Structures are given as C-alpha cells and as structure tokens.
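Fair warning: this is a prediction, and the values are worked out from it, not measured in the lab.
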Amino acid sequence: MHLNLPAPIATRRTTLTFEAPMSETQDPTQPSRAAAIPPQYDFTTVEPRWVQQWQNSGLYEYDAQSEAAKAGRVYSVDTPPPYVSAAHLHVGHAMSYSQAEFVVRFKRMRGFEIFYPMGFDDNGLPTERYVEQKYKVNKGKVTRKEFIDLCLEETRQGAKVYQDLWQQLGLSVDWRMTYSTIQPRAVKHAQRSFLDLVQQGRMERRRDPILWCPTCSTALAQADVESGEEANRPMHGVRFDVAPETATANAPESGTIETTRPELVPACVALACHPEDERFKHFSGLRFRVPLTNLRFCKTEVTSEDGSIGSAGEVSETEQGRTVPLLFDAAVDPAFGTGLMMVCTFGDPEDIQKWRTHQLDTVLIIDAQGRMVTPDLPELDGKRVHVQAKGSQYSEARLAAVELLRKYGYLGDIKANVSRASVHERCSTPVEIQVAPQWFIRLLDLKEQLLERGRELRWFPEFMRERYEDWVTNLRWDWNISRQRFYGVPFPVWYCDTCSHPVYADMASLPIDPTMAPCPQEACDRCGGASFRPEPDVMDTWMTSSLTPLLNANWTEWDAAPDADAPIAAQPRKAIYPMGVRVQAFEIIRTWLFYTVAKSHLHTQSVPWRDVMISGWGLDRQGKKMSKRAGNFVDPAEVIAKYSADSLRYWAAGATLGQDLRYLEDDVKGGKRLLTKLWNSTRFAMQQLDSYVPGAVAEQPTAADLWVRSELVGVVGAATAAFEQYEYSKALRAVETFFWGTWCDNYLEIVKERFRPGSRFSAGQVAAAQRTIFEGTHALLRLFAPVLPFISEELYQLAIRPLLGADAAPSVHVAPWPENETTGKVDVFGGQRDEAAEAQGALLAQLVSAVRGCKTAQKLGGGRPLEVIYLAAPQERRADLAPLEADWLAASRAARCTFAAVVADHASGEPTYAVGTTGISVGIIAAPQEPQPA
RNA sequence: AGGCGCGUAGCUCAGCUGGUUAGAGCACCACGUUGACAUCGUGGGGGUCAGCGGUUCAAAUCCGCUCGCGCCUACCA
C-alpha cells in the first residue's frame with residue numbers, strides 16, 4: 001500500500017525509528033496480528049515511554065530546511081510563558097495549553113512545519129512578589145544581588161516543574177527553543193526595543209503624574225491596575241471659606257465640597273464647578289482658603305527630667321492659609337455631591353486632567369511609601385495612607401485628617417458611600433498618583449492604528465475582539481515602562497550627573513547592565529560633564545513579554561552575520577514572523593496581547609500573528625475560578641497519574657473555545673472510558689485482519705460497508721472544518737459520536753457475523769469488511785491523535801504501521817491528516833459521500849435497533865440467536881429492505897426473516913417494535929436455547 | 001452605568017445561519033455476560049429550552065424588555 005506522505009515530513013522524519021513498543025510481549029507461537037495488542041491498555045507505562053521516544057527522536061523539532069518550511073508552510077505558535085510560581089499550577093493551566101496543542105497537532109498532520117516553543121516568564125514584578133512572599137523578604141532587607149539570585153533560583157525550579165508536567169501532558173513542544181524572559185537573549189530584545197523606540201522618538205522621559213503602588217514602591221501602567229472590591233468609602237463634607245480679600249457683596253462666605261479622601265484636603269489646588277451651575281453663579285472670581293493650611297508647627301527642644309533632650313512643640317494658627325482659585329469646568333458633574341469639587345494633586349485621573357487644563361500648582365503630600373508628608377500637621381505627618389488604623393477599617397491618615405478637620409471646625413456631614421478604588425492587581429493596594437521622571441512609550445496617539453491592527457487579526461472566537469477594542473478605545477495613559485524594582489531588564493541608559501542628560505548604550509553592546517558597565521561616553525553631549533550615573537529602574541515585565549513573537553524569531557539577529565555556533569534557539573528565524581497563532585486566555589488581552597500588537601506595530605509595521613485563539617478558564621465544580629488561594633485547586637499531575645494524560649486532555653477538549661470549563665472528575669473518567677473503548681475496538685479490528693492482504697480478493701461491499709465508509713468521509717470533513725476554525729471540541733465530538741455510535745455500536749456489531757466460521761458471506765464481502773475495518777481504524781486513530789496523542793500513537797504503532805509497509809509514517813503524529821490540505825479532498829474511501837448508502841444505513845441501524853428492542857422486551861441477551869424475524873412493511877418500502885437483509889440478519893443473529901401483514905399475528909403475541917417512523921414493524925421468535933455443555 | 005458571555009434533563013454541556021417528536025455524557029431504572037469491551041452492551045424514564053412580549057405558516061434558535069450568574073470597561077470629586 002502506498003501512503004501519500006506529505007513531502008515536508010519525508011525529508012527527515014521518515015528516517016526516525018521507534019523501537020517496536022510491544023515486541024517483547026508478543027507470543028511467537030501466536031503470530032496473529034491481534035496478539036500484538038495486549039488485552040489491557042496500561043497508560044502508566046505507555047505514556048512515559050512515548051514521552052521519551054518522541055523526545056529522543058526529535059519528532060517535534062522545528063526544521064527550517066524541510067520542504068514545507070521552504071515552501072512557506074510554517075505554522076508557528078506563540079504560547080504564554082507562565083510565571084515560575086509553579087506551585088500554582090492547576091488543571092486550568094493544563095486545559096488551556098492542551099486546547100492550543102490540539103490545533104498544533106492537527107496542523108502538523110496537515111503537513112505544516114511546526115514551530116512550537118515554550119517560554120517561561122521569570123522576569124519582573126510577578127516573580128518578585130512571589131519570591132518576597134515565599135522567602136518573607138522585601139527589597140529593603142536584601143541586596144539587589146541577593147534578591148536577584150533568589151529570583152533566578154526560583155525560576156530554575158519552576159521551569160523544571162513546568163517542563164515535566166507539559167511533557168507528561170504530551171505537549172509537542174520543541175524544547176530546544178525554550179526561552180525565558182530574563183535570559184540574555186530576552187534582555188537584549190527588550191533593550192533593543194527600547195533603543196529602537198528612542199530612535200523613533202516614541203520613547204520619552206517625562207516627569208509626569210504616574211500611577212503608583214505604595215506597597216510595591218513602584219510606578220505602574222494602566223494595565224496593572226484593576227477595580228478593587230466595593231466598599232463603604234464615606235463621603236465627607238468639608239467647608240472651604242472664601243478668602244476675604246476676594247469676597248464680594250453678594251458672594252457667600254464659604255462653599256462645601258464632598259470627598260472620600262479628606263486626607264488630601266491639604267493637597268487641594270483648586271475648587272471646581274460646572275460653568276452653568278446656577279448655585280455657583282456668584283462664586284466667579286473667588287478664591288478659597290484651604291482648610292488646615294493656616295496651621296504651623298513650631299518645634300522646640302526640651303530637656304526632660306533624666307537630662308535627655310527631646311523635641312516638643314505646638315501648632316499655632318496663622319492669619320491665612322493657602323488659597324486656591326475656583327474653576328469652571330464642564331467636566332464637573334453638577335449632580336455629584338454638592339456640585340462643588342476639590343481638585344488636589346493628586347486623587348485620581350480627573351485631578352490630573354484639571355491640573356493640566358488649568359495649569360494648577362502641585363502640592364504633593366504622600367511619599368513613595370504612602371506616608372503623609374505634612375510637617376505643619378504633626379497629627380497627620382508620617383501617617384500611612386494605606387494602613388488601617390487599629391480598630392478601624394479606615395486608614396491612619398484618613399482618621400487623623402477627619403479629626404483635624406473636625407477640631408478646627410471644617411468638617412460637615414459624613415455620609416455612607418459605596419464605591420471601589422483602583423488597586424494594583426498584584427497586591428490589591430489602592431494606587432496613588434505620584435510625580436516622578438519615568439520612561440513612557442507614547443501610545444495615545446496610535447489608538448486608531450492599533451484598532452486597525454486588531455481588525456487585521458483573525459479572532460477565535462470572534463467576540464473576543466471586542467475586549468481588545470474596548471481596552472484600546474479607553475486607553476488614558478501612555479505606557480509607563482519604568483519600575484522602581486530590582487528584578488527585571490535594566491534600561492541601557494546613564495545620566496549626566498551635572499545636567500541629567502541621558503546617554504544610551506550602543507546597540508552592539510546589548511545586553512548590558514548600566515549598573516555594572518561603564519558609560520560608553522566620556523563627556524556629556526549637552527554640558528560636557530564627565531561623570532554619569534546609571535538608570536536604577538528596571539523595565540515593566542510586559543516590555544519583554546510583548547516581544548515574544550520577535551524573540552522567537554530572534555529579531556535582534558535578523559541583520560547579523562550568520563553564526564553557526566549560536567545555540568539553535570538564538571538563531572535568526574525571520575520566516576516564522578508574523579507567527580501563525582497567539583494562544584492565551586481572555587484576561588490578558590489588555591496586557592500581553594495589546595502590548596504585543598503595539599510592539600509589532602512599532603517595530604515591524606505589522607501584526608505579530610495572523611490568528612488569535614482565546615481560551616477560557618478552568619473552574620472548580622461550583623464554577624469558581626481555580627486558584628491556590630481559594631483552595632479549590634486540582635493538581636494536573638495527580639489527575640494524569642490516576643487517569644492518564646489522554647483522559648485529562650479529553651476533559652480539556654470538552655470546552656467550547658473561549659468558554660470556561662468546570663473540572664469534573666467524571667468527565668475525566670469519560671476520557672478513560674473512551675481510551676478503553678478505542679483500545680478494545682482496535683484489538684477487535686486486528687483480530688479480523690490476520691488473513692488480510694489488501695487487494696488480494698476483489699471486494700464486494702455490503703450496504704453496511706458503503707454506509708459506514710460514507711459516514712466516515714463525512715466525519716473527516718466535519719472534523720477538519722472544525723479544527724480549521726479552532727473548534728477542537730466540535731471536531732472531537734464529531735469523531736467520538738461516529739466512533740462510539742456508528743462504528744462500535746453498529747458497524748462492528750454488524751460485521752462480526754461476517755467473520756464467523758461458516759457465515760453466509762462471500763470471500764469478497766469478507767474482504768470488503770476487512771478493508772473497511774482497517775482503513776476505518778487507521779482514519780479514526782488519526783482523527784483522535786490531536787486530542788489523544790498517546791493511545792493513538794501506541795495503537796498506530798501496534799496495529800496500523802506494520803500493515804502499511806515501509807512507506808508508512810513513522811508516527812501517527814506526522815501521518816497525513818485524512819483530508820488533504822492542498823486539494824481539500826478527503827483521503828479515505830474515495831473521499832465521496834454516498835447519500836443513498838447513508839439513507840440505507842440509517843434504515844439498517846433502525847432495523848437493528850428494533851430487533852434489539854424486541855430482545856430486551858423478551859429479556860433475551862443481545863447475542864441470542866433468532867429463528868425468525870417477522871416484518872410488516874408497506875409494499876413500497878419492501879424494495880428498500882432487500883439489500884439490507886444480509887447485514888440485518890447478521891447483526892440480529894437471525895436465521896431468516898419473512899414478511900407478514902401484521903407482525904403480532906405471527907409472533908405469538910410477543911411485543912412488536914416499530915422501526916422509527918418508517919411504517920415498518922418487526923417481531924421476533926428466538927431460537928431454542930442450546931443445551932449447555934456439561 | 002455601558003459592553004460581552006452565559007442561563008436547555010438531577011449534574012456538566014451540545015444545538016442557536018429558524019423547519020420532523022429538543023440531543024450527548026454522567027447519574028437513575030430495567031434487562032443482558034457462550035470470544036473486542038461489565039472500565040461493557042441493550043432498552044427506558046426524565047426538559048412549559050430563565051421569564052414576558054413581538055416577528056413568522058413555523059422560534060431553544062431572530063427582535064425588544066425583565067430577572068439571575070460571570071467577566072470586561074467606566075465611574076469612584
């Protein structure tokens with residue numbers, strides 16, 4: 001038999017050899033083909049053996065020189081580099097990685113050269129947070145080097161755990177291509193990206209208000225911030241007195257604002273109201289005194305009784321405090337609070353907006369650690385803004401501020417008010433706004449272009465595109481990539497000590513750490529200064545993660561001279577870019593996906609991939625997201641040990657793309673059942689093939705053969721179409737339904753009789769059944785292979801490959817998918833559907849089922865032979881029945897059937913069964929029970 | 001507050017470009033083991049398709065509104 005192997009695979013992979021897996025168990029006295037298949041499937045030995053053999057043989061290695069690669073038929077996969085916190089691994093992770101891999105395996109069988117690396121994200125704040133919590137350290141307690149060493153060690157351990165699990169799970173990754181986001185290659189890419197954006201004028205160092213996490217002591221990007229819990233954040237009325245020097249005859253003496261942040265009152269820089277708000281029409285031109293700013297703390301030294309010198313002091317009121325103007329701004333909502341709002345520096349993005357628009361002063365009273373800096377107000381000074389005061393749900397600073405406002409008579413009503421604060425997604429601390437020099441990538445002017453890139457991508461499922469559009473549309477901050485942390489990619493920048501002018505590293509010197517390497521310039525371009533200091537900040541972790549497609553393609557080496565000595569992972573691969581598909585879950589569309597699209601747009605004026613596949617989450621039985629913290633987490637390694645990797649993958653294949661999936665052990669058990677069924681049915685098939693020599697006997701297919709062949713052609717088409725749309729669950733369902741219902745329950749039961757000694761079937765009919773069984777099994781194993789790689793491979797090697805001869809694909813995973821990708825033609829049983837045969841088969845299945853119904857009603861076993869089947873059918877249907885008779889009688893184990901006017905008359909009152917809505921009904925008479933042998 | 005997804009048998013989910021009697025697996029009931037499979041087979045019971053209204057000869061499917069769950073975005077002075 002000649003197998004039409006796709007050319008790309010032929011060059012290298014046909015030379016792969018696998019040891020014959022079960023040869024040692026074959027009984028030489030029984031040369032039967034079926035004997036090659038042990039009675040029981042033992043996944044505990046089979047799965048690890050294939051993990052090893054696939055790995056040893058290089059089956060999944062990317063070959064840039066293959067025929068497919070040269071022809072441009074490369075399918076490359078950008079898969080999420082998980083954080084190293086391996087202890088958090090749960091079946092939800094296994095689910096999403098499996099789902100992506102189903103499609104990868106499908107594409108490989110379609111003849112594509114696959115580039116499928118794995119990455120590990122061991123860079124940046126998430127890792128730092130993990131290390132801090134695990135070792136109970138923070139960046140104040142250890143040196144930068146000690147801390148980085150801890151992070152690297154955690155990274156190594158985590159990556160090992162991940163790789164073991166992914167291999168057990170059967171992911172067909174090319175492990176030579178593994179990257180990590182802190183390795184020199186990744187650092188080089190991130191720094192190159194930085195310098196490239198500097199050259200483009202996209203990268204700016206600005207002293208701007210920025211989002212700030214007081215707990216992590218670092219700046220953040222908009223994407224790092226999420227909505228916090230709803231909570232009561234009371235609204236405090238605060239009276240602002242009109243500055244007497246601006247008072248007019250008909251103006252009021254004061255105005256009242258409402259705020260949830262009374263501690264920020266001393267940072268007030270303006271009051272604002274809507275220009276058409278009648279209530280404030282007399283306020284025009286007024287200035288207001290900011291409460292508490294008229295207080296002064298006078299410190300005096302005192303000598304206490306024991307002679308030690310301490311300090312004391314008192315607060316005194318001065319004549320006037322700071323005054324602020326009243327602004328009219330249409331952005332103020334007259335319906336909110338009193339209609340009069342306080343603008344302070346800075347409470348929220350709205351403040352920044354007004355501060356910019358009206359060029360207001362800046363009064364910063366919260367430091368980097370979230371402590372109040374208010375020297376004239378000792379009750380408030382140093383109080384922490386994000387630490388709850390003892391015995392209160394409110395912070396130290398807020399309580400102290402309220403007390404001060406009350407003491408000096410400015411405090412009005414306090415009203416309950418439910419709202420949510422913006423918090424840092426890594427630590428849930430409410431974010432503050434600080435002002436500090438930071439590096440920004442200007443993005444706000446690119447919204448339209450980035451939306452357009454989003455539209456160039458094919459999204460699966462399509463509705464996920466809206467998550468992207470929403471995010472881009474609502475973007476309000478340029479991307480701040482500076483982080484005041486230890487562990488991350490350093491900026492390749494020094495500053496002049498005299499004038500702070502930046503000096504950039506040479507491209508050729510990357511990767512570089514400016515804290516270790518000298519500044520490449522001797523004198524400052526701007527002022528001639530000769531001493532420089534390195535940039536101490538590190539880059540946002542997404543600065544690297546956003547480059548994974550470019551990192552996989554080794555963008556930094558595209559123009560470099562070829563270096564044959566470079567590790568394979570580091571060699572340039574421009575051909576895989578843009579990549580074929582990005583796979584990820586939906587919650588990081590705004591981060592990973594968005595930033596990657598932005599980077600690709602800026603660096604290559606292109607989308608980073610053609611397709612985007614978005615998966616859902618693995619949920620627990622109650623529908624809650626799995627997480628270590630929630631304690632509802634299921635360890636995938638345990639599931640694999642108990643039920644096999646194939647079974648776990650089967651569960652993962654049950655989720656509709658983009659939808660969440662609950663973890664139910666029963667569903668994994670369902671996978672285990674399928675494996676058993678597949679094993680047994682293949683064993684049965686082999687038992688019928690001992691004498692099979694393809695083409696030796698001219699086949700005479702029966703109605704059952706023609707029916708099941710046509711159905712299979714249909715299933716191949718349906719599964720292929722589904723996989724092409726990333727609908728692996730639909731594909732599996734089509735295959736499984738056919739396999740269990742049509743193939744096992746009906747077809748195999750029908751043909752069994754054909755192989756019994758002395759059956760009424762001709763040699764040609766037996767040959768037809770053998771061909772159907774063999775080619776059908778071969779097709780089924782290939783159809784199951786993407787989802788169930790282990791058992792498919794084992795059965796392919798045991799049952800199929802030996803019969804195919806020397807041309808056979810060395811692995812089911814590089815065997816040709818039963819529909820040809822280029823021609824679109826199904827390569828099974830001629831590839832044509834036969835509607836008449838399918839209609840006949842449907843009738844046959846109904847007839848078989850009706851007889852089973854009779855047997856059950858008469859409490860007869862399914863294998864009980866029948867003496868006669870009585871059949872009542874309208875005259876016009878009788879012609880349809882004749883071609884089915886042989887298969888029907890065989891499946892029913894009946895000696896003969898005979899037409900009758902009304903079945904019940906001939907069946908001794910036994911129950912009769914209607915055959916669907918065909919107008920046919922049947923009745924049976926069982927053959928006498930044969931005497932049991934003594 | 002806006003957007004997206006979901007709401008179908010006891011449970012988990014298909015179906016949702018409108019068209020016979022709404023499906024599968026699990027669970028449940030009954031029956032059945034003389035050579036693929038009891039980790040099984042056969043047969044069966046079980047659903048006002050969240051609710052209300054509309055379009056249509058015909059609605060689980062299309063439209064509108066309401067309710068519930070999840071998520072995203074915004075607001076949070």
Expected output: side-chain [X] to main-chain [Y] donor-acceptor under 3.5 Å:
| X | Y | result |
| --- | --- | --- |
| A/Arg398 | A/Arg261 | no |
| A/Ser892 | A/Trp888 | yes |
| A/Trp617 | A/Asp660 | no |
| A/Gln770 | A/Gln688 | yes |

Any N/O pairs under 3.5 Å between the protein and nucleotides 4-11 of chain B? List them or say none.
{"from": "B/G5", "atom 1": "O2'", "to": "A/Gln659", "atom 2": "OE1", "distance (Å)": "3.3"}

*Considering residues at least two apart in sequence or located in another chain, which fulfil the ring pair (Phe, Tyr, Trp, His ring centres under 6.0 Å) criterion with A/Phe460?*
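With neighbours one apart ignored, the set is A/Tyr726.
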*Set of residues satisfying ring pair (Phe, Tyr, Trp, His ring centres under 6.0 Å) with respect to A/Phe790, sequence neighbours excluded*: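 Ring pair (Phe, Tyr, Trp, His ring centres under 6.0 Å) check on A/Phe790 returns A/Trp54.
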Identify, residue by residue, the members of [range] with a heavy atom below 4.0 Å from RNA chain B, and return them in order of residue number, or none.
| range | result |
| --- | --- |
| residues 327-335 of chain A | A/Val332, A/Asp333 |
| residues 338-349 of chain A | A/Met341, A/Met342, A/Asp348 |
| residues 669-679 of chain A | A/Arg673, A/Thr676, A/Lys677 |

So [X], base contact, sugar-phosphate only, or nothing? Heavy-atom distance under 4.0 Å.
| X | value |
| --- | --- |
| A/Glu226 | nothing |
| A/Gln40 | base |
| A/Ala685 | nothing |
| A/Trp651 | nothing |
| A/Thr656 | sugar-phosphate |

*Can a salt bridge be assigned to the pair A/Glu469 and A/Arg467 using a cut-off of 4.0 Å between side-chain N and carboxylate O?*
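Salt bridge between A/Glu469 and A/Arg467, a charged N being under 4.0 Å from a carboxylate O: no.
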*State whether A/Arg279 and A/Asp277 are salt-bridged, where the test is any N-O pair (Lys NZ or Arg NE/NH1/NH2 against Asp/Glu carboxylate O) under 4.0 Å.*
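Yes, charged N to carboxylate O under 4.0 Å.
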*When you check the phosphate oxygens OP1 and OP2 of B/A36, does a side-chain N or O of A/Lys752 lie under 4.0 Å from one of them?*
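Looking at the OP1 and OP2 atoms of B/A36, one of them is under 4.0 Å from a side-chain N or O of A/Lys752.
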_Distance below 4.0 Å between A/Thr260 side-chain N/O and B/A77 OP1 or OP2_ =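 Yes, such a contact exists.
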So, for [X] and [Y], which heavy atoms are closest and what is the spacing to 0.1 Å?
| X | Y | value |
| --- | --- | --- |
| A/Thr656 | A/Tyr728 | C-OH, 4.1 Å |
| A/Tyr595 | A/Ala221 | OH-CB, 3.5 Å |
| A/Ile433 | A/Pro349 | CD1-N, 4.0 Å |
| A/Trp355 | A/Pro209 | CZ3-CG, 3.5 Å |

*Between B/A74, B/A36, B/A77, which nucleotide gets closest to the side-chain atoms of A/Glu749?*
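Of B/A74, B/A36, B/A77, B/A36 is nearest to the side chain of A/Glu749.
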*Selected nucleotide, minimal atom distance to A/Arg476 side chain, candidates B/A36, B/U73, B/C75*: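 Closest nucleotide among those given: B/C75.
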_Test log, rule side-chain hydrogen bond (donor to acceptor under 3.5 Å, both in side chains), inputs A/His386 and A/Glu432_ = CA-CA 10 Å; A/His386 294 98; A/Glu432 290 297 334; 3.0 Å; yes
If you measure from the [atom1] atom in [N] to the same atom in [M], how many Å do you get, rounded?
| N | M | atom1 | value |
| --- | --- | --- | --- |
| B/C4 | B/G41 | C1' | 45 Å |
| B/C31 | B/C13 | P | 33 Å |
| B/U61 | B/U56 | C1' | 13 Å |
| B/A60 | B/U20 | P | 10 Å |
| B/G7 | B/C16 | P | 13 Å |
| B/C40 | B/G25 | P | 12 Å |
| B/G35 | B/U48 | C1' | 50 Å |
| B/C37 | B/U33 | P | 15 Å |

Rounded to the Å, how far apart are [X] [atom1] and [N] [atom2]?
| X | N | atom1 | atom2 | value |
| --- | --- | --- | --- | --- |
| A/Arg590 | B/G3 | CZ | C1' | 16 Å |
| A/Asp351 | B/A77 | CG | P | 8 Å |
| A/Lys855 | B/U33 | NZ | P | 12 Å |
| A/Tyr468 | B/C72 | OH | P | 19 Å |
| A/Gln688 | B/G35 | CD | C1' | 10 Å |
| A/Arg683 | B/C40 | CZ | C1' | 13 Å |
| A/Leu732 | B/G25 | CG | P | 14 Å |
| A/Leu748 | B/C37 | CG | C1' | 11 Å |

*Considering heavy-atom distances to RNA chain B, does A/Leu860 or A/Gly654 have its closest nucleotide positioned more toward the 5' end?*
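The residue whose closest nucleotide sits nearer the 5' end is A/Gly654.
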*If you measure only the distance, is there a donor-acceptor pair under 3.5 Å linking the side chains of A/Gln659 and A/Ser615?*
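No, because no side-chain N or O of A/Gln659 sits under 3.5 Å from a partner of the opposite role on A/Ser615.
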*Any side-chain donor paired with an acceptor under 3.5 Å for A/Thr44 and A/Asp42?*
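The criterion, which ignores hydrogens and geometry beyond distance, is satisfied for A/Asp42 and A/Thr44.
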*Residue pairs involving residues 617-626 of chain A (criterion salt bridge (Lys or Arg N to Asp or Glu O under 4.0 Å); sequence neighbours excluded)*: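 Of all non-adjacent pairs touching residues 617-626 of chain A, none passes salt bridge (Lys or Arg N to Asp or Glu O under 4.0 Å).
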Which side-chain N or O atoms in residues 733-744 of chain A pair as donor and acceptor under 3.5 Å with protein atoms at least two apart or in another chain?
{"from": "A/Glu736", "atom 1": "OE1", "to": "A/Tyr650", "atom 2": "OH", "distance (Å)": "3.2"}
{"from": "A/Glu736", "atom 1": "OE2", "to": "A/Tyr650", "atom 2": "OH", "distance (Å)": "2.8"}
{"from": "A/Thr737", "atom 1": "OG1", "to": "A/Arg733", "atom 2": "O", "distance (Å)": "2.7"}

*Between A/His358 and A/Asp329, is a side-chain hydrogen bond (donor to acceptor under 3.5 Å, both in side chains) present by the stated rule, with each step listed?*
CA-CA 9 Å; A/His358 302 281; A/Asp329 189 313; 2.9 Å; yes
*Of all residues at least two apart in sequence or in a different chain, which pass the side-chain contact (heavy atoms from CB on, under 4.5 Å) check with A/Glu749?*
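By the side-chain contact (heavy atoms from CB on, under 4.5 Å) rule, A/Glu749 matches A/Lys752, A/Arg852.
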*asked:* Are there runs of at least three consecutive Watson-Crick or G-U pairs touching RNA chain B, with each pair's two distances under 3.5 angstrom? Give them by first number.
replied: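 Stem list for RNA chain B: B:1-7 with B:67-73, B:10-13 with B:23-26, B:28-32 with B:40-44, B:50-54 with B:62-66.
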Short N/O separations, protein against nucleotides 42-44 of chain B, under 3.5 angstrom:
{"from": "B/U42", "atom 1": "OP1", "to": "A/Asp745", "atom 2": "OD2", "distance (Å)": "3.3"}
{"from": "B/U42", "atom 1": "O2'", "to": "A/Thr856", "atom 2": "OG1", "distance (Å)": "3.0"}
{"from": "B/G43", "atom 1": "OP1", "to": "A/Ser849", "atom 2": "OG", "distance (Å)": "2.9"}

_Pairs meeting criterion side-chain hydrogen bond (donor to acceptor under 3.5 Å, both in side chains) with involvement of residues 665-681 of chain A, two or more places apart_ =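 Listed by first then second residue: A/Lys642-A/Glu665, A/Tyr643-A/Glu665.
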